[in-house]
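All chains are named by letter (A, B, ...) in the order of the sequence lines, taking the proteins before the strands, and each is independently numbered beginning at 1. Note: hydrogens, waters and symmetry copies are ignored here, and every other heavy atom, side chains too, is used.
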Protein chains: 2
Amino acid sequence: MYEPAQLRSFLAVAQTLSFTQAARRLGLRQSTVSQHVRRLEDATGRQLFTRDTHAVELTEDGEAMLGFARRILQVHEQATAFFTGTRVRGRLRFGASEDFVLTRLPEILEAFRYDHPEVDLELTVELSGTLHEQLAAGKLDLVLAKRRPEDPRGALVWRDDLVWIGAERLRLDADRPVPLIVYPPPGITRARALQALEREGRAWRIVCTSGSLNGLIAAARAGLGVMAHSRRLIPPGLFRLPDRSGLPGLGKVDFVLVHGRRHGAAEDAANALAAAVLAGGERLGRRGD
Amino acid sequence: MYEPAQLRSFLAVAQTLSFTQAARRLGLRQSTVSQHVRRLEDATGRQLFTRDTHAVELTEDGEAMLGFARRILQVHEQATAFFTGTRVRGRLRFGASEDFVLTRLPEILEAFRYDHPEVDLELTVELSGTLHEQLAAGKLDLVLAKRRPEDPRGALVWRDDLVWIGAERLRLDADRPVPLIVYPPPGITRARALQALEREGRAWRIVCTSGSLNGLIAAARAGLGVMAHSRRLIPPGLFRLPDRSGLPGLGKVDFVLVHGRRHGAAEDAANALAAAVLAGGERLGRRGD
DNA sequence: TGACTGTCATCATGTTTTGTGATATCCGGC
DNA sequence: GCCGGATATCACAAAACATGATGACAGTCA
């Protein structure tokens with residue numbers, strides 16, 4: 001018997017990889033979330049997360065549960081949409097960063113279109129920084145993007161380690177500037193990478209910039225250099241650089257969902273989509289294999 | 001927030017059209033089931049059943065909820081199967097009456113095969129009476145069929161009114177014997193129909209017998225006569241006879257799930273399939289339109 | 001018509017479950 | 001070795017739950 005509240009907590013933890021953050025997002029306390037997960041673990045008889053106080057990771061059973069939880073909560077979403085019957089309509093200008101678009105977002109959007117056929121959805125794919133700017137300028141209603149360091153707003157959807165990745169046989173020479181593959185400004189990952197290098201006084205040069213993730217990936221696959229990327233979103237054909245490569249740590253990235261200034265029709269639609277994203281969750285691509 | 005316990009109760013009521021029977025099947029009390037349904041109705045803000053103490057019927061919203069509930073509980077089933085990981089295997093001889101086979105059973109069986117690929121499922125489709133006999137003879141492990149009046153065993157899966165149906169333009173002459181379309185013995189519906197007519201001293205003659213439901217349907221569509229059938233299972237092209245046609249009432253039919261003598265491997269498989277049938281529920285065909 | 005039976009809704013109640021806050025425990029980094 | 005940030009545990013108060021008793025109501029049978 002899997003209580004939906006427990007599944008919600010579980011899903012949020014799986015997404016944020018943090019009991020504390022999950023609790024914050026759900027409006028619960030950390031101890032509650034902890035209990036929810038434990039209940040599920042008791043009910044299944046399996047451990048769902050490995051967690052040694054400083055790192056939370058899904059187990060294989062956890063991955064399976066993720067699928068079940070998502071399916072159940074998705075139906076809950078649909079049922080709610082159906083019964084509240086808020087005939088959501090209007091135009092919704094939604095901005096998403098490319099990292100997400102590549103993976104689970106299509107599914108979520110498809111389900112959303114099915115549940116709310118009367119919403120005209122306009123999707124903008126851009127750099128996270130650009131999306132935030134457009135949101136501020138009132139050109140978007142809802143944005144799913146990396147969190148800007150200085151901007152605490154938004155519901156945490158996904159937290160991940162930012163790591164260095166590159167082609168399999170890539171070797172770095174410690175004496176030479178680090179060859180970087182980055183988004184153009186105002187890329188948030190770009191800024192993080194440069195900051196990290198400069199803090200260590202490490203020299204760098206940019207070997208590729210592209211506004212398109214596929215452009216960056218192509219460059220990285222070709223072995224032109226390294227790029228900073230979410231650990232759980234590593235595209236096929238690229239690999240995390242070993243720690244001994246001597247590059248500085250990059251910390252974490254948060255993907256957040258931010259609402260624009262509310263205005264009438266778009267607000268309901270934005271709420272509905274936000275709920276779908278938060279509930280439907282994101283598988284977000286396979287592990288870097 | 002739809003609690004699974006409430007959904008289970010709701011589903012059981014939708015299947016049995018009875019709060020009392022649902023409670024019995026679930027091992028709960030009637031008042032509990034009543035509360036469960038009311039909670040759901042509160043949560044959705046819609047009435048899910050029309051019920052005037054002597055008739056329970058799904059509303060349109062109830063039909064919708066039925067879909068949601070089934071999907072959620074189905075995933076629960078799958079999750080349970082996955083985590084208990086009881087690697088169910090072995091041979092399972094399952095008998096089902098044709099009424100069901102035509103409708104939702106394929107879906108349930110498909111899901112079952114997916115969840116328990118190592119079970120060799122042998123399906124027997126026969127008259128309910130024959131299935132009961134074969135079960136008693138140890139030739140079947142699990143049977144889904146109409147309940148025999150004298151046999152109280154089995155979990156109630158589906159309760160329905162038995163009604164007279166026939167072709168659209170069928171007219172009956174009150175002076176002449178009722179033209180009957182029936183299964184051969186030991187058909188349970190057959191017995192019920194004959195009993196009802198004889199109790200009223202009404203003359204009848206058999207115009208068609210067939211061991212196959214499709215045979216009966218064909219005869220009925222051709223306007224050869226009337227047949228007794230579950231009200232909610234009326235096949236397309238056939239219609240319930242109006243009360244003023246003067247035929248006697250037929251009462252209710254119960255479809256039950258009965259286990260055979262338990263023996264080893266088949267027992268786990270039978271339990272799993274029984275759970276799937278009870279949880280996955282049956283849509284059981286559209287209304288007779 | 002009037003008692004009867006079977007059904008569902010309601011209510012008070014005792015019990016269980018839930019969410020919480022405080023606290024213990026653990027790990028990594030400084 | 002200590003501190004900061006993270007999860008687990010525990011006791012408790014509040015909420016939710018299942019229950020049995022009771023009431024209302026509709027058909028049934030006499």
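Donor-acceptor pairing under 3.5 Å is recorded for the side chains of B:Arg39 and B:Gln35.
Not a single salt bridge (Lys or Arg N to Asp or Glu O under 4.0 Å) links A:Arg25 to another residue, sequence neighbours left out. Not a single salt bridge (Lys or Arg N to Asp or Glu O under 4.0 Å) links B:Arg29 to another residue, sequence neighbours left out. With sequence neighbours excluded, the residues satisfying side chain to side chain donor-acceptor pair (under 3.5 Å) with B:Asp61 are B:Arg46. Qualifying side chain to side chain donor-acceptor pair (under 3.5 Å) partners for B:Gln78, counting only residues two or more places apart in sequence or in other chains: A:Arg71.
Looking at A:Val256, A:Leu144, A:Asp254 one by one, the single match for side chain to side chain contact (heavy atoms under 4.5 Å, CB included) with A:Val157 turns out to be A:Leu144.
When rounded to the nearest whole Å, the span between CG of B:Leu26 and P of D:dA18 equals 11 Å. Whole-Å rounding puts the B:Arg8 CZ to D:dC17 P distance at 15 Å.
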- [ ] Test A:Ser97 against A:Lys146 for side-chain hydrogen bond (donor to acceptor under 3.5 Å, both in side chains), laying out the working first.
- [x] CA-CA 8 Å; A:Ser97 79; A:Lys146 300 198 187 88; 5.3 Å; no
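Comparing the local axis fitted to the first five base pairs of the helix from C:dT1-D:dA30 to C:dC30-D:dG1 with the one fitted to its last five gives a bend of 20°, rounded to 10°.
Look at A:Asp151 and A:Arg147 and you find no salt bridge, because none of the NZ, NE, NH1 or NH2 atoms lies under 4.0 Å from a carboxylate O.
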- [ ] Summarise how protein sits on nucleotides 7-24 of chain C as a single string, 5' to 3': B when a protein heavy atom is under 4.0 Å from the base, S for sugar-phosphate-only contact, - for no contact.
- [x] BBBB-------SBBB---
